[in-house]
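Note that ligands are numbered from 1 as they come in the structure, with each ligand's atoms numbered from 1 the same way.
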Amino acid sequence: MFKLVKGIIFDIKRYAIHDGPGIRTTVFMKGCPLRCWWCHNPEGISPRPQLMYLEYKCIHCHTCVNVCPLRAITFDENEVQHIDREKCDVCGVCAEFCPTSALKLVGRTITVDELMKEVERDVNLYDSSGGGVTFSGGEPLFQPKFLVEALKASKERHINTALDTSGYAPLDVLKKVEPLVDVFLYDLKLFDEEEHIKYTGVSNKIIKRNLEFLVKIGRAKDVLLRFPVIPGITDTERNVSGWARFVSSLGGFERIHLLPFHDVSEKYRRLGMEYRMPTREKPSEETMKRIAEEFEEIGLEVVRGG
Ligand code: SF4
Ligand code: SF4
């Protein structure tokens, strides 16, 4: 009974307009093998639930301090909350008792059946806008069993499917998933392997090979390339021209989306995670223009944003 297969997700966003064609429902799945310095969805990195603290909602009632069975929460003399994340086992008791939802658990398990009930709510919108469901994350290919069954369930309901991926997955997983996906949103990060390892934690060989595979089987037209413009990291002339040459040599792609960096340090703080970006600045207009021109020169339509 595949519909009972469970996955772990951290959000379901309805009425999404930047995650593929038309109006979509985006399912954000937890777990990712990459560690990109600029990751805009840090809650998608860990495959497990996490505790998030929203300071602006806290009324300093100290209920959390008293209910935590592991004594993992304290407040200092300035009423600043500290969560000992080594001690915390993410049981969720504090979030349950917090009167203002200043503490919340990010990440929940869901069956394919439950997920499809959510996704189906907007089926009329998908039909009228050419939209559908997008699986994002995190890295959706990191939960292949759940993803395959969720994609199959979507196809059974004639819902258009998109996969937002880093491309980092075993080829046999991609082969299983590919026939069930209508549109791939495929990220290009660092062209140089050493730099890719430095800024994402993994080699780019698999990512390039998987992109080549999609081209080889005639799916290039279904791939929306996405290029995160990260100041001082991906925006160098060498990196952009490396990707432009590679993409051009593969051929068949029609479009690339430029995704400008924005500061998400607050999200990291709320999750107690380290934010490694050395800058908080958005890419300049000049940089965006230079990169757009380079990709236009190889015949791609360039779209700014999702
Ligand atoms: S999630 Fe559980 S262990 Fe962690 S701080 Fe809250 S109550 Fe304590
Ligand atoms: S229970 Fe919630 S509102 Fe009260 S101190 Fe803890 S985080 Fe703040």
Side-chain angles (χ1 to χ4, degrees), residues 4-14 25-115 117-119 135-147 150 164 166 200-201 262-277 280:
L4 296 177
V5 172
K6 283 183 184 168
I8 178 161
I9 64 168
F10 65 89
D11 202 7
I12 297 175
K13 185 171 80 183
R14 297 170 71 194
T25 294
T26 304
V27 180
F28 291 91
M29 295 170 60
K30 257 180 133 346
C32 181
L34 277 69
R35 296 289 178 272
C36 305
W37 285 25
W38 58 88
C39 179
H40 285 172
N41 288 332
E43 64 274 59
I45 297 173
S46 165
R48 286 176 291 280
Q50 285 167 283
L51 184 63
M52 186 183 255
Y53 174 56
L54 302 167
E55 197 178 355
Y56 70 95
K57 285 189 173 182
C58 180
I59 54 169
H60 304 275
C61 65
H62 290 207
T63 304
C64 51
V65 176
N66 297 321
V67 297
C68 174
L70 298 175
R71 297 272 171 255
I73 303 182
T74 51
F75 280 83
D76 65 20
E77 61 283 6
N78 298 315
E79 276 300 300
V80 175
Q81 193 198 57
H82 299 277
I83 301 171
D84 185 337
R85 291 182 187 267
E86 294 284 307
K87 272 191 191 169
C88 169
D89 67 356
V90 202
C91 69
V93 169
C94 56
E96 209 177 300
F97 281 89
C98 174
T100 61
S101 304
L103 284 165
K104 67 174 196 170
L105 277 194
V106 182
R108 62 181 164 117
T109 52
I110 190 167
T111 65
V112 172
D113 263 353
E114 288 162 345
L115 177 66
K117 275 190 195 118
E118 299 264 343
V119 170
F135 293 90
S136 182
E139 171 52 68
L141 294 169
F142 198 66
Q143 297 186 60
K145 213 168 154 192
F146 177 69
L147 178 66
D164 179 7
S166 65
T200 73
H262 58 267
D263 178 13
V264 287
S265 51
E266 183 55 29
K267 256 194 196 183
Y268 282 75
R269 216 165 59 79
R270 290 172 177 175
L271 291 160
M273 293 170 69
E274 184 197 359
Y275 192 46
R276 287 185 290 169
M277 275 303 289
R280 301 286 188 266

Below 4.5 Å, heavy atoms only, C-beta onward: do [X] and [Y] meet side chain to side chain?
{"X": "I83", "Y": "L103", "answer": "yes"}
{"X": "L51", "Y": "R85", "answer": "yes"}
{"X": "C94", "Y": "I73", "answer": "yes"}
{"X": "L115", "Y": "F146", "answer": "yes"}
{"X": "Y268", "Y": "M277", "answer": "no"}
{"X": "F142", "Y": "P33", "answer": "yes"}

If the cut-off is 4.0 Å to any non-hydrogen atom of [X], which atoms of ligand 2 fall inside it?
{"X": "P99", "answer": "1 (S)"}
{"X": "T63", "answer": "1 (S)"}
{"X": "Q81", "answer": "7 (S)"}

For [atom], what's the nearest protein heavy atom and its distance?
{"atom": "atom 4 (Fe) of ligand 1", "result": "C88 SG, 2.4 Å"}
{"atom": "atom 6 (Fe) of ligand 2", "result": "C64 SG, 2.3 Å"}
{"atom": "atom 8 (Fe) of ligand 1", "result": "C68 SG, 2.3 Å"}
{"atom": "atom 5 (S) of ligand 2", "result": "H62 N, 3.2 Å"}
{"atom": "atom 3 (S) of ligand 1", "result": "D89 OD1, 3.5 Å"}
{"atom": "atom 1 (S) of ligand 1", "result": "G92 N, 3.3 Å"}

Quiz item: Hey, do the aromatic rings of F75 and H82 have their centres closer than 6.0 Å?
Solution: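 They do not qualify: ring centres at least 6.0 Å apart.
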
Region of [X] engaging ligand 2 - heavy atom pairs below 4.0 Å:
{"X": "H60", "value": "backbone"}
{"X": "F75", "value": "side chain"}
{"X": "T100", "value": "side chain"}

Quiz prompt | Numbering as shown, the atoms of ligand 1 that approach I73 to under 4.0 Å (heavy-atom distance) | solution =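 It comes down to these atoms of ligand 1: 5 (S).
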
Quiz item: Near V90, which atoms of ligand 1 are under 4.0 Å from a heavy atom of that residue?
Solution: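 Numbered from 1, ligand 1 contributes 1 (S), 4 (Fe).
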
Practice problem: Give a yes/no on ligand 2: does K57 have at least one heavy atom closer than 4.0 angstrom to it? | Solution: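 No, K57 has no heavy atoms under 4.0 Å from ligand 2.
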
Practice problem: Check P69 against ligand 1 and report side chain, backbone, both or neither, counting heavy atoms closer than 4.0 Å. | Solution: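 The answer is the side chain of P69.
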
Quiz item: Got a sec: is C58 within less than 2.8 Å of atom 6 (Fe) of ligand 2 via an N/O/S atom?
Solution: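 No, since none of the N, O or S atoms of C58 sits under 2.8 Å from atom 6 (Fe) of ligand 2.
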
Quiz item: Is the NZ atom of K104 crowded by more than 12 outside heavy atoms at less than 6.0 Å?
Solution: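 It does not: K104 NZ has 12 such atoms or fewer within range.
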
Quiz item: Does NZ in K145 sit with more than 12 non-hydrogen atoms of other residues, nucleotides or ligands closer than 6.0 Å?
Solution: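 No - once you tally the heavy atoms of other residues, nucleotides and ligands closer than 6.0 Å, there are 12 at most.
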
Quiz item: N/O/S atom of C91 under 2.8 Å from atom 8 (Fe) of ligand 1, yes or no?
Solution: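 Looking at C91, which is the residue asked about, there is no N, O or S atom under 2.8 Å from atom 8 (Fe) of ligand 1.
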
Quiz item: So, are E43 and K30 salt-bridged, with charged N and O less than 4.0 Å apart?
Solution: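 So E43 does not pair with K30 through a salt bridge.
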
Quiz item: Is the shortest distance from a Lys or Arg side-chain nitrogen in K117 or E114 to a carboxylate oxygen in the other one below 4.0 Å?
Solution: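 Looking at E114 together with K117, the answer is no, because their closest N to O distance does not fall below 4.0 Å.
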
Self-check item: Option with minimal heavy-atom separation from atom 7 (S) of ligand 2, where the choices are L103, L54, I83
Solution: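 Nearest option to atom 7 (S) of ligand 2, by heavy atoms: L103.
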
Self-check item: Best match, C61, C94, C98: closest heavy atom to atom 2 (Fe) of ligand 2
Solution: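 Selected option, by shortest heavy-atom distance: C98.
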
Practice problem: State the CD-CG distance between E86 and L70, to the nearest 0.5 angstrom. | Solution: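 E86 atom CD to L70 atom CG measures 12.5 Å (nearest 0.5 Å).
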
